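Worksheet for the structure shown next.
Just so we're clear, the structure is a prediction, and the values are computed from it rather than from any experiment. Start at 1 and go down the list; that is how both ligands and their atoms are numbered.
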Amino acid sequence: MTGASGKALSRLGAGETVFALWLSLGSPQLAELAAELDADAIVFDLQHGCWDRPGLSAAIALAMRGATPLVRVAANRPDLIGQALDLGAGGVIVPLVDSAEEAAAAVAAAHYPPFGCRSGGGMRPLADFDGYLAASRHGTLVSVMIETREALRNIAAIAAVPGVDLVFIGPGDLALALAEDADMTLERAIGLVLAACDGAGKACGIFTGSAEAARERAGQGFRFVVASDDIRLAREGLREALAAARATGSAVAS
Ligand code: 3PY
Ligand code: MG
């Protein structure tokens, strides 16, 4: 089991946009459905999502049939990053990275010595550890999230960190961070991050919640966008179905 990040990393390397699906509900069955759709990446959200480890392990195996499985870890910690990769994720998205030092720590946690501090183990890596080790150096996607004022201040240094493959904006948290800031709008901050990534020759991505937003951001030069997520889709689909059923019922009654 090697090179699980292949599809997403090769699209980024070729200057193409990665269109991702985002799963938070903790359902391996949804991962199986998503894997049938030829997404470039399927992201499993462990920061805000409902995943347990056995469920995540099953979901990653299903996702990798058709896409690059990525894990948004709960925090920038070597144990969490190592666990996600040991389960077979092709890469990690690390939230709330505020400085070049924190970005370098995330990169180190994702790589084995001498390039980093990841510990060797896990059912999937050990199936063919020599092959996995050889592929992992250039085949593990590391993405750091920009979602605070401090990250914004340090964006040039963060984007320049070797081994950061993708700088990924969390617009929700960034909006919270900038709420009281009269001098900085969210869109201006997003533009500054994109420009810093261009300057550093790094891919910049942004969380989006709909196909329209994903298309628009891709058109602006963002190289990793999210077509939708399972919570939003389930909520909208269920709401629409219920409303449609009720509308039919009232039409029949009248
Ligand atoms: C944010 O918008 O803050 C995110 O983390 C997206 O998931
Ligand atoms: Mg966030």
Q. Hey, are the side chains of Val107 and Val164 touching, using non-hydrogen atoms and a 4.5 Å cut-off?
A. yes

Q: Kindly indicate whether the side chain of Val43, heavy atoms from C-beta on, has any atom under 4.5 Å from the side chain of Arg72.
A: yes

Q.
Tell me the protein heavy atom at minimum distance from atom 5 (O) of ligand 1, and give that distance in Å.
A. Arg72 NH1, 2.9 Å

Q.
Testing the basics here: between Asp86 and Gly121, what is the closest heavy-atom pair and its distance to 0.1 Å?
A. OD1-O, 3.2 Å

Q) Any idea which protein heavy atom is nearest atom 6 (C) of ligand 1, and the distance to it? A) Phe207 CG, 3.5 Å

Q. Any idea which protein heavy atom is nearest atom 3 (O) of ligand 1, and the distance to it?
A. Asp173 N, 2.8 Å

Q. Do you know which two heavy atoms are closest between Arg124 and Leu87, and how far apart they sit?
A. NH1-O, 2.5 Å

Q. Aromatic rings Phe44 and Trp51: how do their planes relate, parallel, tilted or perpendicular, breaks at 30° and 60°?
A. perpendicular

Q. Can you find a pair of side-chain heavy atoms, one from Arg239 and one from Leu242, that are under 4.5 Å apart?
A. no

Q. Does the N or O separation between Glu147 and ligand 1 drop below 3.5 Å for any pair?
A. yes

Q: For Gly172, take its heavy atoms, then give the atoms of ligand 1 lying under 4.0 Å from any of them.
A: 1 (C), 2 (O), 3 (O)

Q | Interfacing atoms of ligand 1 (cut-off 4.0 Å, heavy-atom, Gly170) | A | 1 (C), 2 (O), 3 (O), 4 (C)

Q. Among pairs that include at least one residue of residues 155-182, which meet side chain to side chain donor-acceptor pair (under 3.5 Å), considering only residues two or more places apart or in two chains?
A. Arg149-Asp181

Q.
Using side-chain heavy atoms (C-beta onward) and a distance below 4.5 Å, is Tyr112 in contact with Leu133?
A. yes

Q) Counting no waters, what protein N/O/S atoms lie under 2.8 Å from the Mg ion (ligand 2)? A) Glu147 OE1, Asp173 OD2

Q: Return yes when Met145 approaches ligand 1 closer than 4.0 angstrom through a heavy atom, no otherwise.
A: yes

Q) Which pair of heavy atoms, one from Ser228 and one from Leu233, lies closest together, and at what distance? A) OG-CG, 3.4 Å

Q: Check the side chains of Asp98 and Thr148 for a donor-acceptor pair under 3.5 angstrom, ignoring hydrogens and angles.
A: yes

Q. If we only count N/O pairs under 3.5 Å, is Trp22 in contact with ligand 1?
A. no

